[in-house]
Amino acid sequence: MSLTAKDKETVKAFWAKVAPKAEDIGQDALSRMLAVYPQTKTYFSHWKDMSAGSAPVKKHGATVMGGVADAVTKIDDLTSGLLSLSELHAFTLRVDPANFKILAHNILVVFAIKFPSDFTPEVHVSVDKFLAALARALSEKYR
Amino acid sequence: MVKWSDFERAAIQDIFSKINYDVVGCAALSRCLIVYPWTQRYFGGFGNLYNAAAITSNPKVAAHGKVIMAGLEKAVKNMDDIKTTYKDLSVLHSEKLQVDPDNFNLLADCLTIVVAGQMGAAFTPEVHGAFQKFLAVVVASLRKQYH
C-alpha cells in the first residue's frame, strides 16, 4: 500500500490548504484522542491539565502537526526522512505503535469537520495512506 | 450490559435526529468502498465500482446505505440491549454474508468521519466519544454470533 504519484500530489495539495490551521487541527485531534481513547492518556500523566483547551494539549498538538508538516516535505522517502523522530518514539517515548493509527483517525475526523468540501473520499484515501506510511516510518527503529 | 450516561444517551438521540439518513448512509458506504477498496469484495453484484465517481453515484450503493442506516436506527431505539436486538443481524453477517468482522470497524470509522463532516463544530470531542462508543457497541453486537 505504498504512495502513488497521485497520492503524493493529492496530499501536498490538501496540505497546502490545511497548513494555515495546523495548530488548531493538532490541538483538536489530540483533544479528541484523549477524550475518545482514554487509554492514550497514560502517555501524558506528567501534564497537569489534559483537557481540551489546555496549554499542554495546545502546545503538543502544534508539535505533532509540525512533525506531519515535515513528513509532507519528505514524502518521497519517509523512512530516511523521519529517522530521528523514529528513534525518539522508539527509545525515549516508547509509544506503542498501535496509537499512531488512533491519532491518525482523529486527525482525519478533524479534517472532515474543518474542511468538509475539500476532504472528499479521494483526498481521504490518499491522506489515510500517507498517515499510515508516516506511522510505518515512525515505527522503523522500534525493533 | 452497557451503561450509558445521560449525556451519551442524549448525544446519540440528538445525532440521529439531526443527520440526513439518505446522505450519511450513502456517503459512509461510498467512503468505505473508496478508502478501503478490499471491502468491495462483498458487493460483487453492485455493478460499476471502478472509481470514486462511479461508487458515489452508484444507485445500489445509495440503496444499501439506507439499509445500513435502518439497521443503526434499530440500535438507537434499543440502546439498552443492542446485543439482543442485533442477534439475527449478527447471524446474517456471519453465516450468510460471511463478512470479515474487522470490516465493521472500517465502516464505523467512515461513519464517524461523515457524521463529523455533517455536524461540524457540534461534533465536539464529548459527542464524538459518545458516537464512537455507540458504534463500538454496535460492532461488538454484530460480532457476537460469529463462531
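In what follows, every chain begins at residue 1, and chains take the letters A, B, ... in the order their sequences are listed. It should be emphasised that the depicted structure is a prediction, and the values quoted were computed from it without experimental measurement.
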What would the table of donor-acceptor pairs between chain A and chain B look like if you include every N and O pair under 3.5 Å, whether backbone or side chain?
{"unit_1": "A:Arg32", "atom_1": "NH1", "unit_2": "B:Phe123", "atom_2": "O", "d": "2.8"}
{"unit_1": "A:Arg32", "atom_1": "NH1", "unit_2": "B:His128", "atom_2": "ND1", "d": "3.1"}
{"unit_1": "A:Arg32", "atom_1": "NH2", "unit_2": "B:Phe123", "atom_2": "O", "d": "2.7"}
{"unit_1": "A:Tyr37", "atom_1": "OH", "unit_2": "B:Gln132", "atom_2": "NE2", "d": "2.7"}
{"unit_1": "A:His105", "atom_1": "NE2", "unit_2": "B:Gln132", "atom_2": "OE1", "d": "2.8"}
{"unit_1": "A:Phe119", "atom_1": "O", "unit_2": "B:Arg31", "atom_2": "NH1", "d": "3.1"}
{"unit_1": "A:Phe119", "atom_1": "O", "unit_2": "B:Arg31", "atom_2": "NH2", "d": "2.7"}
{"unit_1": "A:His124", "atom_1": "ND1", "unit_2": "B:Arg31", "atom_2": "NH1", "d": "3.0"}

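For the side chain to side chain donor-acceptor pair (under 3.5 Å) test, residues two or more places apart in sequence or in another chain that qualify with A:Ser80 are A:Asp77. A:Asp49 pairs by the salt bridge (charged side-chain N to carboxylate O under 4.0 Å, His left out) definition with nothing, not counting sequence neighbours.
Counting heavy atoms from C-beta outward, A:Phe111 and B:Ile113 have side chains that stay 4.5 Å or more apart.
Grouping the Ile, Leu, Val, Met, Phe, Trp and Tyr side chains by contacts below 4.5 angstrom, directly or via other members, places A:Met1 with B:Val35. Under the 4.5 Å side-chain heavy-atom criterion for grouping Ile, Leu, Val, Met, Phe, Trp and Tyr, A:Leu85 is not connected to A:Phe91 through any hydrophobic cluster. Cluster membership check: B:Val67 does not share its hydrophobic cluster with B:Phe104, using side-chain heavy-atom separations under 4.5 Å among Ile, Leu, Val, Met, Phe, Trp and Tyr. Under a hydrophobic-cluster definition in which Ile, Leu, Val, Met, Phe, Trp and Tyr are linked whenever side-chain heavy atoms come within less than 4.5 Å, directly or via other members, A:Phe119 and B:Val23 are assigned to different clusters.
The neighbour count for A:Lys59 NZ, taken as heavy atoms of other residues, nucleotides or ligands under 6.0 Å away, does not exceed 12.
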Query raised in the report: Going through the distances and angles, do B:Phe123 and A:Val109 end up as a side chain to side chain contact (heavy atoms under 4.5 Å, CB included)?
Result: CA-CA 10 Å; B:Phe123 198 66; A:Val109 171; 4.2 Å; yes

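Residue A:Pro116 touches chain B through its side chain alone, counting heavy-atom pairs closer than 4.5 Å. Residue B:Ala122: no heavy atom, backbone or side chain, is found under 4.5 Å from chain A. At a 4.5 Å heavy-atom cutoff, the contact between A:Ala35 and chain B is made by side-chain atoms alone.
Listed by first then second residue, pairs satisfying salt bridge (charged side-chain N to carboxylate O under 4.0 Å, His left out) with a partner in residues 83-95 of chain A number zero, not counting sequence neighbours.
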